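Notes follow once the structure below has been shown.
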Amino acid sequence: MSLSDATETTAGPVKPPLGPAGMLRWAWTQLTSMRTAIFLLLLLAVVAVPGSLFPQRPANPALVAQYIKDRPEYGKILDSLQLFDVYSSAWFSAIYILLFISLIGCVIPRARAHWKALRSAPPRTPRRLSRLPEYGTLVLPAECVSPGDAVRDAADVLKKRGYRVDVRDADAAMPSLGAERGLLREVGNLVFHTALIGVLVSVAIGGLFGYRGQKIIIEGDTFVNTLIGYDNFTPGTNFQSDWLDPFAITLDKFEVRFDRESTRQYGQPIDFKAAVTTRESPDAAPQQQTLKVNEPVYFGGTGIFLVGNGYAPVVTVKDGDGNTAFSGPVVSVPNDAVYTSSVVLKVPDAAPSQLGFVGFFLPSAIKNQDGVSYSFDPDPLNPQLNLNSYHGDLGLDTGKPQNVYNLDVQNLTQLNGRNVPAGGIVLDAGQSYTLPEGKGSISFDGLKRYIGVDIRTDPGQAGVLVFSLIATAGLIVSLYVNRRRVWLRAGAHEDGRTMIEYGLLARGEDHRLGPEAAAIRARLVARWNLTEPHPAAATVPARSPKEH
C-alpha cells in the first residue's frame, strides 16, 4: 500500500457541502424549533425594556426632542439606534415577525405528529415488564377466569379510568394489552402555543388599525373627536382618520373628594368624578354620564379613560396698548400631593412685544416663617398665583415645535422676579397686577378644574383577552395532565391458575405514578373478587436504571 493510499484510508469520508437548499433547510429547522421560539420570546421581552427606560416619540415627541437636546454627546446615537421608537423599530419588528414564524413552524409539525399519535395504537407490550418504574403481579385462582377473559376485564377497568386500550392476541396463550392516557397534555401544549400566535396577531391588528390620543378638557369645554381636537395623537400604521367615531364630550363639572377624617391619610384623594355630557353623533340626543377612574365611557369601540386632573386658573392679560391679548383658563401641572402646580403662559399676540409668564399655582396658599408661600391643602381654600414675567421674542414664529409647559427665557428680558427690583407677581383670586415698563397687566379672574383623558381604540383588544384566556387554559392542561402508559400480560400457570403482571410508565416526571398503579391494582382486585391482606407487598418498587 502506498503512502497516499494510507492517507486516504485514515482521513475518512468527506461530507458533501450543504449547498443553498441544504442551508435553507437547516436554517428553517433551527428557526422552527421550540428552543428558538422560547429564546425569541425572552428576547422580545428583553428588547422591550428600553421602551420604559427612554422617552418614546409616539407618546411624547417634545420630551424626546428635549432629551436629545440635553444630552448632545449621545442623544443622537440613541436616536439612530431607534431607542426612542422601540416598538416600531426595525429590530423589534424583526424579532416580532421571527417569533410569529417560529411559533407557526413549531405548532404545525407538532399538530401533525400528535394527530398521528391519536390515531395510532399504544406502543407494543415490552418483553420484560419488571423493568418498568411501577410493576406488580396478581394471581387468579384456578378456573376463575381464563387469560383472555382476564385481559378483557382489565381492558374494561382501564377504559373506565380514561385510558384508550388496545388488546393484543386475546385468544393466544399469553394475551396482553397496551393502554395510554394523558394525550390531552400535548393538546393543551398545542392550544397554548396556538393561542400565543393569536395574541401576536391581535396585538398586530391593534397596532395596525387602532389609535391612541390624549386630551385635556377644562370645565365647560367640549371635545369633538377629530384629529385637530387632540393634544397628542398616535395612529396605527394603517389607521385612517375617517374611522374616528363622531362623538363629542363636554366636561360639566369635576369633583375630587379628599380624606378629611383619618390622620395618616389626611388630604389624600379618595374619589375622582367627572360629570360629562356626551353625544354619540352630531344628531344624537345628549346624555349625562359619569367618568371615573377605572370606569371609562365608551363610544362603540372607543374608550375614554380618566388619567389625570388639576387646576386651571382663569387669567386675563392686556398688552401695552391696552388690548386684551389673552383671556381664559391656563392649565397648571401638579407637582405634589397638595396640587402645588407649575404654570406657563405664552402671549404671542401682545404688543409692542410678546409676553411670557412662568411660576406656580397654590390652591391653599400660606407663608412659612421665612415668608415663602406654599400650599397646605389640595382644596382651593386660598388660591394664589406666583409668577415671573418676561417680554421679547417667544420664538413661536420659527416653526420649531415647543413644549407648551416650558418657557425658553434665553432670548427674553425679565420684567418680574424675586431677583429683580420689581419683585415677583403674587395674585389672589380677583386681583390684577400692572407690569413694569408699560408692558400691560395680568389679572387672576377665577379658577376651574380640568381632566386629562386617554382616548384609544384597539380592535385587537378583545382578541388579546380571548386568546390569553385560551393560552392560560392550555397551559393549565399541559401542566396538570400526565401522560401515562400501562401494559398488562396474562398467562396460564401449570397448576391452572392465571398469572397477571402489569407495569406503568410515565412520559416525563410524574410523582403520581405510584398512586395510579395502586388505584389500578385495587380496581383489578375488586373486579376479580380477590382478597389481599397486604396489597402493597405485591407491588415491586421503582428501580433505577443502574439496577437493571
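Owing to the predicted nature of the structure, the values given are computational and were not obtained by experimental measurement.
Of the candidates F361, Y450, F376, Y311, Y339 forms a ring pair (Phe, Tyr, Trp, His ring centres under 6.0 Å) with just one, namely Y311.
For K346, the NZ atom sits in a packed shell: over 12 heavy atoms of surrounding residues, nucleotides or ligands are nearer than 6.0 Å. The 12-atom threshold is exceeded at CG of D242, counting heavy atoms of other residues, nucleotides or ligands nearer than 6.0 Å. A 6.0 Å sphere centred on CD of Q82 holds more than 12 heavy atoms belonging to other residues, nucleotides or ligands. Atom CD of E73 sits in a crowded spot, with more than 12 heavy atoms from other residues, nucleotides or ligands closer than 6.0 Å. More than 12 heavy atoms of other residues, nucleotides or ligands shown are found within 6.0 angstrom of CH2 on W91.
Taking 4.0 Å as the cut-off between side-chain N and carboxylate O, R456 and D458 do not count as a salt-bridged pair. Between D377 and R260 a salt bridge is recorded (basic side-chain N to carboxylate O distance below 4.0 Å).
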- Task: Could you go through the salt bridge (charged side-chain N to carboxylate O under 4.0 Å, His left out) check for K439 and D319 one step at a time?
- Result: CA-CA 6 Å; K439 298 299 183 182; D319 59 16; over 6 Å; no
- Item | Stepwise salt bridge (charged side-chain N to carboxylate O under 4.0 Å, His left out) test for E255 and R257 | CA-CA 7 Å; E255 296 180 355; R257 187 162 59 93; over 6 Å; no
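The closest side-chain heavy-atom distance from N309 to F272 is below 4.5 Å. Side-chain contact between P269 and V256 is present, with at least one heavy-atom pair separated by less than 4.5 Å. Looking only at side-chain heavy atoms (C-beta outward), F239 and F233 come within less than 4.5 Å of each other. Proximity of Y433 to F444: side-chain heavy atoms (C-beta onward) are nowhere separated by under 4.5 Å. The closest side-chain heavy-atom distance from L99 to L200 is below 4.5 Å. You'll find the side chain of V315 reaches within 4.5 Å of the side chain of I442, heavy atoms only.
Between the side chains of N386 and Q384, at least one donor N or O sits under 3.5 Å from an acceptor N or O. Side-chain contact annotation: D85 with S89, donor-acceptor N/O pair under 3.5 Å absent. Counted by atom type alone, T250 and T277 present zero donor-acceptor pairs between their side chains at under 3.5 Å. Counting only N and O atoms by type, the side chains of S281 and D283 include no donor and acceptor under 3.5 Å apart. With 3.5 Å as the limit, one finds a donor-acceptor pair spanning the side chains of Y230 and N225. With no hydrogens or angles considered, a side-chain donor-acceptor pair links T302 and D245 at under 3.5 Å. Between the side chains of S327 and T324, no donor-acceptor pair is found at a separation under 3.5 Å. Looking at N482 and R512, their side chains do bring a donor and an acceptor atom within 3.5 Å of each other.
By the side chain to side chain contact (heavy atoms under 4.5 Å, CB included) test, Q268 pairs with Q265, A337, sequence neighbours left out. Y374 meets the ring pair (Phe, Tyr, Trp, His ring centres under 6.0 Å) test with no other residue; sequence neighbours excluded.
The two atoms that bring L251 and I218 nearest to each other are CD2-C, 3.8 Å, heavy atoms only.
For the pair R71 and Y67, the cation sits on the ring face: its NZ or CZ lies under 6.0 Å from the ring centre, inside 45° of the axis.
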